Trainee: 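Okay, handing you the structure first.
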Amino acid sequence: MFKKKAVVVDNFALNSAWYNKDATAVQVKKMLDGKPTGNFVIRNSTSEPGNFVLTYMVDGAIKNAHLESSSAGVQIAKASQKFSCLTELVKYYSENNAAEIQTKLTGADIDDDLNVKTLRKQAKEREKEEKRKNRSSKVFDETMRAEKGSKWKTQDVCDWLAAMEMSEYMSTFKKNKVDGVALLKLSDQDLKELGVMAVGHRKKISQAIEVLNEKFDGRQGQPAASGQPVATIGLVARKVNGVVKIFDTITGIEVLDIAAHQEQKRRELANGPANAPPPKVFGASDHEGKEWWQKYLPKSSLAPLLESQADGTFVVRDSSSNPGAYAFSYVFQGKVLHKLIEPSGKKGIAIKGSSDIFPNLATLIDFHVNNPSPSLKCVMRYPPPGYTRGIAGAEGEGGGPPDAALPVSPSGGGRRESTSGGQHWNCLHLNKDQALARINGKPEGSFVIRPSDKAYAALSLMKPDGKIFHQHIDEVPGKGLQLKKTESFHADLQAFVEYFATSEQQGLPCPLQL
């Protein structure tokens with residue numbers, strides 16, 4: 001016999017940023033990587049359902065503590081202190097430097113006067129509601145099998161609505177005496193007259209009715225000839241702004257007329273692959289012309305482009321270090337953050353480390369504009385019109401194929417650094433292979449400065465032994481450019497190059513040859 005466990009996930013925890021119930025260990029590690037001591041995340045345990053994992057930072061290291069849930073509450077494994085809910089546990093370890101975790105948790109934002117008893121009561125009420133939904137779902141399932149759907153009473157229909165989390169329509173359906181026979185005949189217009197005004201809700205109800213009608217033939221209560229539901233072809237449902245919408249899995253376009261879409265898919269299958277229209281796949285131009293798509297924008301232009309924008313403003317460009325992938329950059333709390341969007345087998349594309357796969361770039365962007373994601377610090381927002389005006393390398397600002405994309409000087413207020421005037425070393429408009437080709441076989445001191453997805457730029461230098469030395473160039477706000485692992489700062493690339501071309505330079509295996 002398993003012991004009954006208490007409901008310890010209270011309402012405050014449910015609405016807190018520190019509780020990410022469905023996050024994986026890898027996702028949590030990425031959330032905390034580089035964060036200060038005390039930052040933490042709690043997630044559900046995948047190996048021990050009903051228990052939790054507390055992941056937190058101590059002196060730059062990621063630590064894990066297992067949280068055990070029982071009928072008495074929740075506690076850190078092997079600790080003596082028990083708590084009635086997660087918020088009470090977090091509050092205690094935020095105020096006490098306990099031996100179990102050797103630090104205080106930070107960032108929980110729990111008020112001192114928070115009533116834990118109220119949270120516990122709310123958790124119990126939520127448990128009762130979940131049980132009621134489960135009972136409704138069970139009644140729905142058993143009634144459908146026993147009575148074949150068409151013999152449902154009005155209350156059965158209401159339970160069916162509750163199981164789909166649409167209990168707000170129960171009173172209207174009850175008032176209009178919608179039983180099983182009437183349910184199976186409802187049209188989109190009927191649903192509107194019943195007060196179901198949200199398009200997403202009507203779609204969800206209509207799809208569920210369609211499933212019933214396919215499973216129980218002809219609204220007569222007899223099983224269909226095949227005895228099995230008819231599967232949909234090429235459709236996927238996603239929640240956008242709290243509303244369930246239906247999309248084509250190949251094109252990523254929202255499907256408004258499901259019946260017509262399915263008929264078209266069946267015709268394509270009947271005609272065979274040779275006669276089917278070519279699908280839109282990864283790499284198709286679904287994103288061309290979008291304000292956020294800046295194919296050739298150099299990384300050095302990202303800070304002046306995004307830092308002054310609102311949180312979540314973003315730009316997508318080709319990745320110079322990962323051919324075939326996209327570099328996704330967005331601003332959060334004044335800092336520009338970066339993610340890689342890469343192909344995911346034959347299924348589509350995904351943000352690196354995320355399990356959410358999308359058929360194309362435009363669909364991925366649309367989803368993250370409308371929904372929070374553990375992969376990103378905040379919900380994305382489409383950039384304002386003309387936000388790239390004056391930014392070097394941007395579309396419409398001299399941006400285009402590689403030879404046209406020029407970098408921005410960190411101290412020049414958007415001024416472009418010219419590649420003319422003997423700046424043969426300035427290869428920020430080329431990819432890595434193209435840049436290195438310029439110094440292969442050249443004498444020592446030959447060098448190029450090229451793009452980097454991890455820094456402002458990268459320096460590649462031919463050493464005396466004929467091998468190529470690589471190092472990042474960082475941009476330090478308020479100070480200028482700095483070669484990584486050195487202490488000197490420089491106003492722009494020209495000043496940087498002039499310094500490292502002298503015999504007094506420190507940080508390179510040999511001076512740069514101009």
Side-chain angles (χ1 to χ4, degrees), residues 1-131 134 353-355 372-375 377:
M1 262 316 263
F2 292 103
K3 292 183 179 179
K4 181 182 178 183
K5 294 188 177 184
V7 177
V8 297
V9 183
D10 54 273
N11 286 6
F12 186 90
L14 275 176
N15 295 306
S16 296
W18 48 261
Y19 178 52
N20 286 262
K21 62 176 184 177
D22 296 323
T24 65
V26 173
Q27 290 170 333
V28 168
K29 185 178 183 299
K30 289 187 177 181
M31 290 179 200
L32 294 176
D33 193 27
K35 295 292 181 67
T37 294
N39 274 240
F40 72 101
V41 171
I42 293 178
R43 62 181 176 88
N44 291 355
S45 172
T46 53
S47 59
E48 300 176 3
N51 290 337
F52 309 88
V53 179
L54 166 65
T55 305
Y56 58 100
M57 298 296 297
V58 178
D59 297 330
I62 293 178
K63 304 287 186 179
N64 290 297
H66 290 280
L67 306 183
E68 296 178 344
S69 175
S70 66
S71 58
V74 62
Q75 66 187 103
I76 292 179
K78 298 182 180 179
S80 58
Q81 189 81 18
K82 289 185 173 65
F83 306 91
S84 62
C85 58
L86 285 180
T87 298
E88 186 182 13
L89 179 146
V90 168
K91 188 173 187 295
Y92 176 83
Y93 287 104
S94 296
E95 298 170 349
N96 298 277
N97 197 344
E100 297 93 275
I101 60 175
Q102 299 178 334
T103 188
K104 287 184 180 181
L105 302 180
T106 60
D109 294 327
I110 302 173
D111 294 335
D112 292 336
D113 58 352
L114 188 69
N115 192 322
V116 175
K117 289 184 178 179
T118 301
L119 293 177
R120 179 75 175 131
K121 182 179 178 183
Q122 291 172 344
K124 286 186 175 181
E125 289 174 352
R126 194 165 54 79
E127 180 184 31
K128 290 179 182 177
E129 178 64 17
E130 290 296 325
K131 286 181 178 179
N134 290 338
S354 172
S355 58
S373 166
S375 303
K377 300 279 187 183

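This is a predicted model, so every value here is computed, not measured. Residue numbers count from 1 along this sequence.
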Trainee: Once side chain to side chain donor-acceptor pair (under 3.5 Å) is applied, do any residues pair with Q75, and if so which ones, sequence neighbours excluded?
Mentor: K82
Trainee: Kindly say whether Y19 contributes a backbone atom to a donor-acceptor pair with the side chain of S16 at under 3.5 angstrom?
Mentor: no
Trainee: Does L67 reach the side chain of I76, with side-chain heavy atoms less than 4.5 Å apart?
Mentor: yes
Trainee: Calculate, to the nearest 0.5 Å, the distance between atoms OG and CD belonging to S69 and E48 respectively.
Mentor: 11.0 Å
Trainee: If we ignore hydrogens and angles and just use 3.5 Å, is the side chain of D10 paired with the main-chain N or O of T87 as donor and acceptor?
Mentor: yes
Trainee: Excluding sequence neighbours, so at least two apart, what forms side chain to side chain contact (heavy atoms under 4.5 Å, CB included) with I62?
Mentor: K29, T55, M57
Trainee: Among pairs that include at least one residue of residues 61-79, which meet salt bridge (charged side-chain N to carboxylate O under 4.0 Å, His left out), considering only residues two or more places apart or in two chains?
Mentor: none
Trainee: Salt bridge (Lys or Arg N to Asp or Glu O under 4.0 Å) with K30: which residues, sequence neighbours excluded?
Mentor: none
Trainee: Considering residues at least two apart in sequence or located in another chain, which fulfil the side chain to side chain contact (heavy atoms under 4.5 Å, CB included) criterion with T37?
Mentor: D59, T103
Trainee: Taking side chain to side chain contact (heavy atoms under 4.5 Å, CB included) as the test, write out the residues that go with K104, two or more places apart.
Mentor: N97
Trainee: For N20, which residues count as a side chain to side chain donor-acceptor pair (under 3.5 Å) partner, sequence neighbours excluded?
Mentor: none
Trainee: Has the side chain of N44 got a donor or acceptor atom that lies under 3.5 Å from a matching backbone atom of D22?
Mentor: no
Trainee: Any salt bridge (charged side-chain N to carboxylate O under 4.0 Å, His left out) involving residues 87-99? Give me the pairs, sequence neighbours left out, ordered by first then second residue.
Mentor: K91-E95
Trainee: Roughly how far, to the nearest 0.5 Å, is the CG atom of L86 from the NZ atom of K21?
Mentor: 12.5 Å
Trainee: For residues V8 and L89, determine if any side-chain heavy atom of one lies less than 4.5 Å from a side-chain heavy atom of the other.
Mentor: no
Trainee: Tell me the ring-ring contact (aromatic ring centres under 6.0 Å, His included) pairs involving residues 96-127, sequence neighbours left out?
Mentor: none
Trainee: E100: what forms a salt bridge (Lys or Arg N to Asp or Glu O under 4.0 Å) with it, not counting sequence neighbours?
Mentor: none
Trainee: Which ring-ring contact (aromatic ring centres under 6.0 Å, His included) pairs, counting each pair once, include a residue from residues 65-105, with sequence neighbours left out?
Mentor: F83-Y92, F83-Y93
Trainee: Rounded to the nearest 0.5 Å, what separates atom CG in L105 from atom CD1 in I42?
Mentor: 7.5 Å
Trainee: Pairs in or reaching into residues 26-64: which pass ring-ring contact (aromatic ring centres under 6.0 Å, His included), with residues at least two apart or in two chains?
Mentor: W18-F40
Trainee: For the atom pair OG (S375) and CE (M31), what is the distance rounded to the nearest 0.5 Å?
Mentor: 8.0 Å
